[in-house]
Visitor: 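Have a look at the structure that comes next, please.
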There are 2 protein chains.
Amino acid sequence: MTQRPDAPADAVAEVLSALADPTRRRILDALADRGEATATALAAELPVSRQAIVKHLGILDRAGLVAGHRAGRESRYRVIPERLEDTARWMDRVAADWDSRLAAIKRLAEGS
Amino acid sequence: MTQRPDAPADAVAEVLSALADPTRRRILDALADRGEATATALAAELPVSRQAIVKHLGILDRAGLVAGHRAGRESRYRVIPERLEDTARWMDRVAADWDSRLAAIKRLAEGS
DNA sequence: TCCATCTGCTACCCGATGGTTGCACGTGTC
DNA sequence: GACACGTGCAACCATCGGGTAGCAGATGGA
């Protein structure tokens, strides 16, 4: 696990709200499965229209979880793990922060 | 970091959508700061009404990120790191999964 | 006991968002 | 060149979710 500088807060925010939607998570799953896929291929597998998939891919792209490139007349998308790892580390850091704060308060309550 | 069994998918989903809202993140921040706080105290600090805070605390509670107990006529809430750690681990696992799938596909593309 | 205060509903408003349909525009194929 | 297929864009709809206001019910303090 390479040690990148901490993710900016709004990048984390975008990842979180992108990941909050179940359909989006299913899209990511399907994408990770195939390595690469087009919006129409994903629409064939999931119970939503192609246009809905396209919208979701746009959001996932802006969050940096996915990247697309044009190949002939179709545009293929693939998954990118980097931002997800960043967000996981952010979350771990926050959890650790909570832990230490709670411990400090507990010490304080017990009279130093 | 203790090794709990993997968090169920819908618990992760609840944490993610709870964390997706900026106001909710600010509430968690403020809560972690003070160790404990009431809804009215938080409403005094944040730019939303007490009722909004109450709703958010309800969502955070259902996600398991927060717990409240009644003390006299006021109900105090505190933050709970456990679910956050679970979700971070889930996220790390998914990212690792993506990585290995991408690697496998790359090997395949390069002809075994 | 009376009052102030804090909580816990309920009803309501409005903007964001997930979803759909329809159509026009490239691009590969015969 | 004609056709098929995939994409991209725009309009539109319905629901969900964040936010507010108002009121009734506890609970501690004077």
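Residue numbering restarts at 1 for every chain, and letters A, B, ... go by the order of the sequence lines.
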Visitor: Ignoring backbone atoms, test whether A/His56 places a side-chain nitrogen or oxygen under 4.0 Å from the OP1 or OP2 oxygen of C/dT17.
Guide: no
Visitor: Please tell me if B/Thr23 has a side-chain N or O lying less than 4.0 Å from either OP1 or OP2 of D/dG19.
Guide: yes
Visitor: How close or far is atom P of C/dT20 from atom CG of A/Leu46, stated in whole angstroms?
Guide: 11 Å
Visitor: Atom CG of B/Leu57 and atom C1' of C/dT7: how far apart are they, to the nearest Å?
Guide: 12 Å
Visitor: Determine, for B/Asp97 against B/Arg101, whether the closest basic-nitrogen to carboxylate-oxygen distance falls under 4.0 angstrom.
Guide: yes
Visitor: Judged by each residue's nearest nucleotide on DNA chain C, which is more toward the 5′ side, A/Arg50 or B/Thr38?
Guide: B/Thr38
Visitor: Mind checking B/Ile59 for me? I need base, sugar-phosphate or nothing, with any heavy atom below 4.0 Å counting as a touch.
Guide: sugar-phosphate
Visitor: Do A/Ile53 and A/Val48 have side chains that get closer than 4.5 Å, going by heavy atoms?
Guide: yes
Visitor: Given atom CG of A/Leu19 and atom P of C/dG18, what is their separation to the nearest angstrom?
Guide: 13 Å
Visitor: Is the phosphate of D/dA21, meaning OP1 or OP2, less than 4.0 Å from a side-chain N or O of B/Ser49?
Guide: no
Visitor: Could you pick out which residue, A/Arg73 or A/Ser17, lies toward the 5' side of DNA chain C when each is mapped onto its nearest nucleotide?
Guide: A/Ser17
Visitor: From CG of A/Asp21 over to C1' of D/dT15, roughly how many Å is that when rounded to an integer?
Guide: 13 Å
Visitor: Check this one for me: any side-chain N or O of A/Arg70 less than 4.0 Å away from OP1 or OP2 of D/dG6?
Guide: no
Visitor: Are B/Leu65 and B/Val54 grouped together when hydrophobic residues (ILVMFWY) are joined by side-chain heavy atoms under 4.5 angstrom apart?
Guide: no
Visitor: Which atom names give the shortest non-hydrogen contact between A/Ala63 and A/Arg83, and what distance separates them?
Guide: O-NH1, 3.2 Å
Visitor: Does a side-chain heavy-atom distance below 4.5 Å link A/Leu31 with A/Leu57?
Guide: yes
Visitor: Strictly below 4.0 Å: does B/Thr40 bring a side-chain N or O up to OP1 or OP2 of C/dC6?
Guide: no
Visitor: Among the candidates C/dC9, C/dG22, C/dG19, find the nucleotide nearest to the side-chain atoms of B/Gln51.
Guide: C/dC9
Visitor: Taking five pairs at each end, how big is the angle between the two axes of the helix from C/dT1-D/dA30 to C/dC30-D/dG1, to 10°?
Guide: 20°
Visitor: What I'd like to find out is whether the side chain of A/Asp92 reaches to under 4.5 Å of the side chain of B/Asp92, using heavy atoms alone.
Guide: yes
Visitor: How close do B/Val79 and B/Pro81 get, heavy atom to heavy atom, and via which atoms?
Guide: O-CD, 4.1 Å
Visitor: Of all the choices, C/dG19, D/dG19, D/dG8, which nucleotide is nearest to the side chain of A/Ser75 once you look at every atom?
Guide: D/dG8
Visitor: Specify the separation, in whole Å, of atom CD1 of B/Ile53 and atom C1' of D/dG18.
Guide: 12 Å
Visitor: By nearest nucleotide on DNA chain D, pick out whichever of A/Glu74 and A/Lys55 is the more 5' one.
Guide: A/Glu74
Visitor: If you look at every strand shown and take non-hydrogen atoms under 4.0 Å, does B/Arg76 touch a base, only sugar-phosphate, or nothing?
Guide: nothing
